[in-house]
Amino acid sequence: MRLSRYFMPTLREAPADAQIVSHQLMLRAGLVRQEAAGIYAWLPLGLKVLKKIEQVVREEMNRAGAIEILMPTLQLADLWRESGRYDDYGEEMLRIKDRHDRDLLFGPTAEEVVTDIFRSYIKSYKDLPKNLYNIQWKFRDERRPRFGVMRGREFLMKDAYSFDVDEAAARRSYNRMFLAYLNVYARLGLKAIPVKADPGPIGGDLSHEFMILADTGESQVFAHRDLVEMGAPGPDIDWFGDLEPEVARRTSLYAASDEMHDEARFAAMPEDKRMTARGIEVGHIFYFGEKYSKPMKAMVTGPDGKDVPAQMGSYGVGVSRLVAAIIEASHDDAGIIWPASVAPFGAAVLNLRAGDAGCDAVCETAYAALTAAGLDPLYDDRDDRPGAKFAAADLVGIPWQLIVGPKGIAEGVVELKTRATGERQTIPLDAALKAITG
RNA sequence: CGGGGCGUAGCGCAGCCUGGUAGCGCAUCUGCUUUGGGAGCAGAGGGUCGCAAGUUCGAAUCUUGCCGCCCCGACCA
């Protein structure tokens with residue numbers, strides 16, 4: 001993309017409304033524009049990042065055996081009356097009437113809809129397990145939206161729903177999502193730790209929140225230090241084999257957020273292993289059994305010929321929240337530092353003297369080569385000063401900056417800067433291209 | 001929802017206390033000079049001062065109501 005033809009409105013100063021660094025940088029780098037409290041328009045750069053995160057989530061869900069569908073944002077109130085949640089959900093639910101005076105709502109989540117889909121088609125234990133997910137906009141009319149897209153009212157969520165014939169099978173479904181989530185965060189360059197979460201009225205131990213560590217996190221996290229560095233299981237595990245040992249290895253170490261914190265257990269750990277930090281919740285998984293299947297009569301016939309309600313679990317990832325969370329975890333004074341997996345462009349070509357024949361020619365060559373290599377480069381061909389280009393490239397956080405100026409041209413070299421480290425090398429163009437394309 | 005703060009040009013702010021018809025920086029446009037970390041000079045455009053009512057000869061400024069946004073808290077299957 002040539003920047004002269006693109007739409008990337010950057011701001012030198014952050015709007016006063018933005019208090020936390022990710023929100024400030026998202027506005028300054030032109031990722032989003034606020035339309036109302038907790039409601040944002042996604043500008044080109046922000047949309048690219050959002051789509052990339054979405055794709056990582058999609059790939060890891062698919063790998064773990066989940067199947068993508070797309071459910072509507074507007075849902076019928078009648079379904080929620082079946083589950084009993086229409087009255088329970090309260091003011092957070094945005095309620096709407098259509099022209100026939102029929103009650104609709106903007107979905108804050110989709111248990112009812114997915115259960116309705118499931119019960120319409122699946123009747124036998126032989127068709128289980130099933131895990132259906134979608135990546136769709138949700139609306140929760142939060143009392144106090146804040147921190148930009150971190151806690152918006154409208155937000156993009158990946159929500160998956162598992163269906164099994166009994167609790168043991170549901171636990172296996174749960175384990176698949178548990179490990180798949182760790183892979184998602186690892187691919188996004190995040191260190192996520194699974195913490196024990198409040199399982200709600202169902203009880204048991206099958207509920208975890210995934211927290212990434214950042215000073216601006218809304219939750220306090222207490223955890224065994226080793227969990228942070230344990231890493232993800234990777235894509236090559238046997239997803240439909242026995243995952244229990246792999247999950248147990250990660251859940252046996254202490255980790256809890258404030259509401260589940262057990263000071264005695266925490267204090268029992270060696271002092272150098274105790275870690276206290278702020279965390280951002282970027283995922284929540286749990287098993288809730290028959291909570292929806294029973295009232296909504298989502299029944300399957302078991303091997304013994306008897307009908308039982310499906311055992312369900314649900315698994316959420318805040319996709320739009322992850323954009324902010326990644327920035328919180330990865331930035332410096334100059335701007336955002338995107339992990340390569342979600343960077344809006346793979347590399348930037350900075351023409352320090354647009355209009356100079358030599359600079360133009362080298363930049364065009366580099367731009368074509370990077371495009372051909374699939375890097376999706378951003379070419380800053382604007383008639384502007386070098387300082388403005390450096391500042392913009394740093395701000396929007398593109399991993400590689402290929403800097404082309406008249407000084408280097410005279411000596412047959414360009415400069416290659418790595419955004420994350422600030423490291424620069426002055427080398428011939430072909431060497432720079434090779435370094436970028438690997 | 002309780003508490004606090006703020007709404008003045010696209011962004012950041014001053015002016016308000018003590019009423020006299022709106023200003024600064026950045027950004028934008030034009031010209032010239034510049035060109036390796038957000039350039040300099042000269043000129044130009046852009047504002048129902050959140051909305052409404054009131055007080056007053058006169059309101060960005062004082063009063064009242066409403067709306068919007070932000071922060072803290074509570075809340076967050």
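Numbered from 1 within each chain, the chains take letters A, B, ... in sequence-line order. Excluded from the calculations below are hydrogen atoms, water molecules and symmetry mates; all remaining heavy atoms, backbone and side chain alike, are included.
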- Message: I need the Phe390(A) CZ to Lys417(A) NZ distance, nearest 0.5 Å.
- Response: 8.0 Å
- Query: So what's A42(B) paired with, Watson-Crick or G-U wobble, going by both distances under 3.5 Å?
  - Reply: U30(B)
- If pairing means Watson-Crick or G-U wobble with both distances under 3.5 Å, then the partner of A9(B) is none
- Note on the structure: The complete set of salt bridge (charged side-chain N to carboxylate O under 4.0 Å, His left out) pairs with one or both residues in residues 22-33 of chain A, sequence neighbours excluded, reads Arg33(A)-Glu35(A)
- Message: Just to be sure I understand the rule, does Tyr292(A) reach a base, reach only the sugar-phosphate, or reach nothing, if contact means heavy atoms closer than 4.0 Å?
- Response: nothing
- Is the distance between the ring centroids of Tyr6(A) and Phe345(A) less than 6.0 Å? yes
- Item | Interatomic distance, Arg146(A) CZ vs C70(B) P [rounded to whole Å] | 11 Å
- Message: When the C1' atoms of G47(B) and G23(B) are compared, how many Å lie between them, rounded to an integer?
- Response: 11 Å
- Note on the structure: Between Ala391(A) and Arg321(A), whichever has its closest RNA chain B nucleotide further toward 5' is Ala391(A)
- Message: Just to be sure I understand the rule, does Gln34(A) reach a base, reach only the sugar-phosphate, or reach nothing, if contact means heavy atoms closer than 4.0 Å?
- Response: sugar-phosphate
- Remember a base hit wins even if backbone is also touched, and classify Ala16(A) as base, sugar-phosphate or nothing at under 4.0 Å, heavy atoms. sugar-phosphate
- Separation between the C1' atoms of C62(B) and G15(B), rounded to whole Å: 16 Å
- May I ask you to test the Met275(A)-Val228(A) pair for a side-chain heavy-atom distance under 4.5 Å? yes
- Query: Choosing from C70(B), U35(B), A77(B), which nucleotide comes nearest the side chain of Ala37(A)?
  - Reply: C70(B)
- Item | Aromatic ring pairing Tyr185(A)/Tyr181(A), orientation class (parallel under 30°, perpendicular over 60°, tilted between) | perpendicular
- Query: Looking for any heavy atom pair under 4.0 Å, which part of the strands does Gly316(A) touch: base, sugar-phosphate only, or nothing?
  - Reply: nothing
- Item | Length of the CZ-P vector between Phe390(A) and A39(B), whole Å | 12 Å
- Between Glu35(A) and His284(A), which has a closest nucleotide on RNA chain B that is more 5'? Glu35(A)
- Task: Provide the full list of salt bridge (charged side-chain N to carboxylate O under 4.0 Å, His left out) pairs with a residue in residues 348-364 of chain A, sequence neighbours left out, each pair given once.
- Result: Arg2(A)-Glu364(A)
- Side chain of Asp17(A) (C-beta onward), nearest among C70(B), U35(B), C11(B): C70(B)
- Base, sugar-phosphate, or nothing: which does Lys138(A) touch, judged by heavy atoms less than 4.0 Å apart? nothing
- Starting at atom CG of Asp383(A), determine the distance to atom C1' of U28(B), rounded to an integer number of angstrom. 15 Å
- Distance, P atom - from A9(B) to U30(B), rounded to whole angstrom: 24 Å
- Base paired to C66(B) (Watson-Crick or G-U; both N/O distances under 3.5 angstrom): G50(B)
- C1'-based separation of A59(B) from C16(B) [nearest Å]: 11 Å
- Note on the structure: His23(A) atom NE2 is separated from C69(B) atom P, nearest whole Å, by 12 Å
- Query: Under 4.0 angstrom, heavy atoms only, what part of the nucleic acid is Leu395(A) near: base, sugar-phosphate, or nothing?
  - Reply: base
- Looking across every strand, which nucleic acid part, if any, lies under 4.0 Å from Asp394(A) by heavy atom: base, sugar-phosphate, or nothing? base
- Query: Looking only at atom P, what distance separates U8(B) and U61(B), rounded to whole Å?
  - Reply: 14 Å
- Item | Note: Glu60(A)-Arg187(A) ion pair, threshold 4.0 Å (strictly below) | yes
- Message: Please name the nucleotide paired to A60(B) by Watson-Crick or G-U wobble geometry with both distances under 3.5 Å, or report none.
- Response: none
- Give a yes or no on whether a donor-acceptor pair under 3.5 Å exists between the nucleobase atoms of G25(B), that is its base, and the side chain of Glu13(A). yes
- Message: Rounding to an integer number of angstrom, what distance separates G7(B) and C13(B) when you compare their C1' atoms?
- Response: 13 Å
- Aromatic ring pairing Phe266(A)/His261(A), orientation class (parallel under 30°, perpendicular over 60°, tilted between): perpendicular
- Across the strands shown, which category fits Ala334(A) at heavy-atom distances under 4.0 angstrom: base, sugar-phosphate, nothing? nothing
- Send over the distance from Arg151(A) CZ to C70(B) P, rounded to a whole Å. 14 Å
- With sugar-phosphate meaning primed atoms plus P, OP1 and OP2, does Arg28(A) contact a base, only sugar-phosphate, or nothing at under 4.0 Å between heavy atoms? base
- How far does the P atom of C71(B) sit from the matching atom of U64(B), given to the nearest Å? 27 Å
- Query: On a whole-Å scale, what distance lies between the C1' atoms belonging to C17(B) and G50(B)?
  - Reply: 22 Å
- Item | Whole-Å distance separating the CG atom of Asp141(A) from the C1' atom of C76(B) | 13 Å
- Rounding to a whole Å, what distance do you find between Met312(A):CE and A77(B):C1'? 12 Å
- Item | Between A27(B) (C1') and Met8(A) (CE): distance, integer Å | 15 Å
- Message: As a test of reading the structure: which of U35(B), C75(B), C70(B) is closest to the side chain of Arg143(A), going by heavy atoms?
- Response: C75(B)
- Under a 3.5 Å limit on both distances, the Watson-Crick or wobble mate of G73(B) is C1(B)
- Name the closest nucleotide to the Arg385(A) side chain, picking from C71(B), C11(B), U34(B). U34(B)
- Message: Tell me whether the side-chain N or O atoms of Arg144(A) pair up with the base of C1(B) as donor and acceptor below 3.5 Å, since no angle test is needed here.
- Response: no
